[in-house]
Amino acid sequence: MESLNLHLRGADATRTLGERIAALLSPGDFVGLSGDLGAGKTTLVRSICEALGVPRERIASPTFAIVHPYEGGRLPVWHADLYRLGDEDELFETGFFELRESGGVLLVEWIERIPAAAPEEWLHVELRHVDEESREARIRGHGARGEALVRALRRPA
Ligand SMILES: Nc1ncnc2c1ncn2[C@@H]1O[C@H](COP(=O)(O)OP(=O)(O)OP(=O)(O)O)[C@@H](O)[C@H]1O
Ligand SMILES: [Mg+2]
């Protein structure tokens, strides 16, 4: 499996990573995010969405809706947050699995809660606290597409 660890000093470094990921995304790509409370998941999702051209005022927290669509950007985006979901059956009922075929980009927070939510080919970004001022991103590529994304991120920006 291709993997890459990055040290992110300050929230701007998280945002820069988001911009770099956004520049690589194609229809159907799946990015799963995990990490503790306050690790920077939402910061990363918002920066990906903004870099894809989603108008800033549309970017919300999908906590209640589970899945939230964003239009107006370069690609359609679905932002999901699995934090409050119990299991795969509950996720199935939301229609989530049909979205994987929709040709949009999926950005899924708390992917570790329901690992079966992820497809065979995807990018996993795990954010960890280092200290108050910095985080570590552990990026792993699953399947051919996920591995290609990691290799592209490894190239100097
Ligand atoms: N690389 C970084 N270094 C230092 N602070 C960061 C970094 N990335 C993000 N932050 C800051 O960490 C705080 C929490 O970020 P954010 O809300 O994105 O986390 P989260 O993972 O979504 O949290 P939650 O699980 O509570 O929703 C914010 O103040 C953000 O600016
Ligand atoms: Mg959050």
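All values below were derived from every heavy atom in this structure, side-chain atoms included, with hydrogens, water molecules and symmetry-related copies excluded. Remember, it's a predicted structure, so these values are computed and weren't measured experimentally. Indexing begins at 1, ligand by ligand and atom by atom, following the structure's order.
- Across all their heavy atoms, Arg155 and Arg20 have their closest contact at O-NH2, 2.8 Å.
- Look at Glu126 and Arg140 and you find a salt bridge, because one of the NZ, NE, NH1 or NH2 atoms lies within 4.0 Å of a carboxylate O, short of that distance.
- Of all protein N/O/S atoms, those lying under 2.8 Å from the Mg ion (ligand 2) come to 1.
- The shortest contact between atom 31 (O) of ligand 1 and any protein heavy atom is with Ala11 CB, 3.4 Å.
- With respect to atom 18 (O) of ligand 1, the closest heavy atom belonging to the protein is Thr43 OG1, 2.6 Å.
- Note on ligand 1: Trp110 sits in its first shell, one or more heavy atoms being nearer than 4.0 Å.
- With respect to atom 8 (N) of ligand 1, the closest heavy atom belonging to the protein is Thr14 OG1, 2.8 Å.
- Counting only distance, with no hydrogens or angles, the side chain of Arg100 and the backbone of Phe30 share no donor-acceptor pair below 3.5 Å.
- Checked by atom type and distance alone, the side chain of Lys41 never pairs as donor or acceptor with a backbone atom of Trp110 at under 3.5 Å.
- Considering backbone and side-chain N/O of Arg9, none are found under 3.5 Å from N/O of ligand 1.
- Without hydrogens or angle criteria, Arg113 side chain to Arg84 main chain gives no donor-acceptor distance under 3.5 Å.
- Nearest heavy atom pair, residue Ala22 against residue Leu52, reads O-CD2, 3.7 Å.
- Around CZ of Phe97, the count of heavy atoms belonging to other residues, nucleotides or ligands within 6.0 Å exceeds 12.
- Between Trp122 and His124, the ring planes are parallel. Angles under 30° get that label, and only those over 60° would be called perpendicular.
- In terms of protein heavy atoms, atom 12 (O) of ligand 1 is closest to Arg135 NH2, 3.0 Å.
- Ligand 1 lies nowhere less than 4.0 angstrom from a heavy atom belonging to Arg46.
- Using a distance-only test at 3.5 Å, with no hydrogens or angles considered, no donor-acceptor pair links the side chain of Arg151 to the main chain of Glu2.
- Shortest contact from atom 27 (O) of ligand 1 to any protein heavy atom: Thr42 OG1, 4.0 Å.
- In summary, the atoms of ligand 1 found under 4.0 Å from a heavy atom of Glu133, numbered by their order in the structure, are 3 (N), 4 (C).
- For Gly10, the heavy-atom gap to ligand 1 drops under 4.0 angstrom.
- What sits closest to atom 19 (O) of ligand 1 on the protein, heavy atoms only, is Gly40 N, 3.0 Å.
- Arg145 and Ser26 get closest at one heavy-atom pair: NH2-OG, 3.5 Å.
- Summary of contacts: the protein heavy atom closest to atom 24 (P) of ligand 1 is Gly38 N, 3.5 Å.
- Arg9 CZ: 12 or fewer foreign heavy atoms inside a 6.0 Å radius.
- Crowding of Glu19 atom CD: a count of heavy atoms from other residues, nucleotides or ligands under 6.0 Å exceeding 12.
- By the 4.0 Å heavy-atom criterion, Asp36 is counted among the residues contacting ligand 1.
- Here OG1 of Thr43 is found 11.0 Å from CD1 of Ile48. Values are rounded to the nearest 0.5 Å.
- Within the structure, the closest approach of Gly35 to ligand 1 does not fall below 4.0 Å when heavy atoms are considered.
- Between Leu8 and ligand 1, at least one pair of N/O atoms sits closer than 3.5 Å.
- Checked for salt-bridge contact, Arg138 and Glu136 miss the test: no charged N lies under 4.0 Å from a carboxylate O.
- For atom 21 (O) of ligand 1, the closest heavy atom belonging to the protein is Lys41 NZ, 2.6 Å.
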